[in-house]
Amino acid sequence: MLIAVILMYFLLASFACWLLLFPSGRAVLVQAMVNLGWRMHGRVRKLKHGGGARLQHLGHRSGYGVAQGWQWLLQHRWLSLAGALLIVAPPLLAWLWSDRIALGGYADRQYVINEQVSDLLKGEQLAPPPALPPLVFTTAEVTQLRPLLGGASRNWQLLDQDFAQRLLLVFKIMKDMHGYDMVLLEGYRSPARQDQLAAAGPNVTNAKAFQSYHQYGLAADCAFMHEGKLIISEKNAWAMRGYRLYGVTAESVGLHWGGRWTMMDFGHAELRQRGVLGN
């Protein structure tokens with residue numbers, strides 16, 4: 001019995017809090033009461049047409065029920081008053097103090113962020129690295145893994161400025177903090193090239209023209225330079241460690257990393273914006 005009373009109190013208190021703290025809840029309740037009123041009005045009209053005896057009988061039963069309820073409240077007035085206070089007091093106090101309550105240690109906390117990210121937000125402009133010779137991207141090892149990489153664009157100027165700065169910051173952090181020299185494999189990608197890659201099969205890409213952030217200058221594929229060679233292979237333990245660090249770093253500056261996709265693309269990072277690709 002005690003458990004049932006506690007549960008009933010909890011439900012009533014929750015309902016009272018909902019009504020007190022959420023105007024939309026009160027609006028829903030008012031609308032429900034209006035709808036109930038109209039339904040009752042319709043039933044009364046039907047009863048009038050159906051005969052006064054039924055209406056009189058219904059009124060007598062309703063009046064008897066109200067009288068019984070009122071009598072019970074009078075007999076248990078102190079218990080009823082205590083129950084009403086228990087239901088109303090908590091949400092009322094929460095409402096009265098809602099603008100003043102603050103958890104200790106949170107209100108004045110100063111959050112420390114990466115200094116390099118802070119510099120970027122303050123407007124520091126990072127410069128793209130010098131372009132590498134085209135032969136770096138067409139070696140036998142690279143061609144075996146990415147046979148269509150030779151036709152890729154590595155022009156930083158074709159990238160969205162905000163995305164380019166974030167990606168350059170990733171390159172800087174990877175170099176300064178982790179010792180990895182990063183390389184842009186492909187940035188902007190034309191619709192025609194996107195269709196060409198899609199036609200090569202799902203092991204390359206599933207995205208057709210204008211289904212990729214590359215067409216908007218908001219995505220890039222990257223890899224590493226190590227001892228004068230371009231390292232792309234994901235079977236290389238050193239490179240895989242770098243890809244994981246790259247993913248964490250990219251996400252720390254607000255980019256999405258392809259390493260979390262079902263079809264994982266460890267070197268891919270993109271900046272998602274509203275109005276692009278349905279976002």
Task: Nonpolar side-chain network containing Met263, other nodes, edges under 4.5 Å - done: none
Task: Heavy-atom check, side chain of Trp238 versus side chain of Ile231, under 4.5 Å - done: yes
Open item on the list: Quick test of your reading of the model: are Arg189 and Asp221 salt-bridged, counting only N-O distances below 4.0 Å?
Closed with: yes
- [ ] Locate the shortest heavy-atom distance separating Ser212 from Leu277; write the atom from each residue and the value.
- [x] C-CD1, 3.9 Å
- [ ] Decide, yes or no, whether a salt bridge links Glu186 with Arg193 under the criterion of side-chain N to carboxylate O below 4.0 Å.
- [x] yes
Open item on the list: To the closest 0.5 Å, what do you measure between CG (Leu167) and CE (Met182)?
Closed with: 7.5 Å
TODO: Check whether any side-chain N or O of Asp195 sits under 3.5 Å from a backbone N or O of Ala209 as a donor-acceptor pair, and report yes or no.
DONE: yes
Task: Check: Leu255 main-chain N/O paired with Glu270 side-chain donor or acceptor under 3.5 Å - done: no
Task: With Phe171, the ring pair (Phe, Tyr, Trp, His ring centres under 6.0 Å) member among Tyr180, Trp156, Tyr246 - done: Trp156
Open item on the list: Within this structure, what is the CG-CE distance for the pair Leu132 and Met225, rounded to the nearest 0.5 Å?
Closed with: 5.5 Å
Task: 4.5 Å side-chain heavy-atom contact, Gln161 and Arg166 - done: no
Task: Common cluster, Met177/Val248, ILVMFWY with side-chain heavy-atom separation under 4.5 Å - done: no
TODO: Could you pull out the closest heavy-atom pair between Tyr243 and Ser233, with the gap in Å?
DONE: CE1-O, 4.5 Å
Open item on the list: Please tell me whether Trp261 and Leu197 are part of a single hydrophobic cluster in this structure, the criterion being side-chain heavy atoms less than 4.5 Å apart.
Closed with: no
Task: Atom pair CG (Leu271) and NE2 (His256), whose distance is rounded to the nearest 0.5 Å - done: 9.0 Å
Open item on the list: Can you confirm whether Thr143 sits close enough to Leu149 that some side-chain heavy atom of one is under 4.5 Å from a side-chain heavy atom of the other?
Closed with: no
TODO: Please lay out, stage by stage, how Ser153 and Leu158 fare under the test side chain to side chain contact (heavy atoms under 4.5 Å, CB included).
DONE: CA-CA 9 Å; Ser153 169; Leu158 297 180; 3.7 Å; yes
Open item on the list: Does either side chain, that of Gln215 or that of Gln194, offer a donor lying less than 3.5 Å from an acceptor on the other one?
Closed with: yes
Open item on the list: With a 6.0 Å cut-off (strictly less than), is the heavy-atom count around CE of Met264, excluding the residue itself, greater than 12?
Closed with: no
Task: Ala250 to Ala269 - nearest heavy-atom pair and separation - done: CB-CB, 4.4 Å
Task: Leu126 versus Leu168, closest heavy-atom pair with distance - done: O-CD1, 3.3 Å
Task: Phe224 side, atom CZ; His178 side, atom NE2 - distance, nearest 0.5 Å - done: 10.5 Å
- [ ] Walk me through it: do Arg154 and Phe137 pass the test side chain to side chain contact (heavy atoms under 4.5 Å, CB included)?
- [x] CA-CA 11 Å; Arg154 288 173 279 276; Phe137 303 94; 3.4 Å; yes
Open item on the list: Between Asp160 and Gln273, is there a side-chain heavy-atom distance shorter than 4.5 Å?
Closed with: yes
- [ ] Flag the pair His226 / Asp181 as yes when at least one side-chain heavy-atom distance between them is below 4.5 Å, and no otherwise.
- [x] no
Task: Straight-line distance of Gln165 CD to Leu159 CG, nearest 0.5 Å - done: 11.0 Å
- [ ] Establish, for the pair Arg272 and Phe163, whether the NZ or CZ atom is under 6.0 angstrom from the six-membered ring centre and no further than 45 degrees off its axis.
- [x] no
- [ ] Kindly state whether the ring of His268 and the ring of Trp257 have centres lying under 6.0 angstrom apart.
- [x] no
Task: Shared hydrophobic cluster for Val183 and Met240 (ILVMFWY, side-chain gaps under 4.5 Å) - done: yes
Task: The single option from Leu185, Leu230, Thr138, Val204 passing side chain to side chain contact (heavy atoms under 4.5 Å, CB included) against Arg146 - done: Leu185
Open item on the list: What's the separation between atom CG in Leu245 and atom CE in Met174, rounded to the nearest 0.5 Å?
Closed with: 5.0 Å
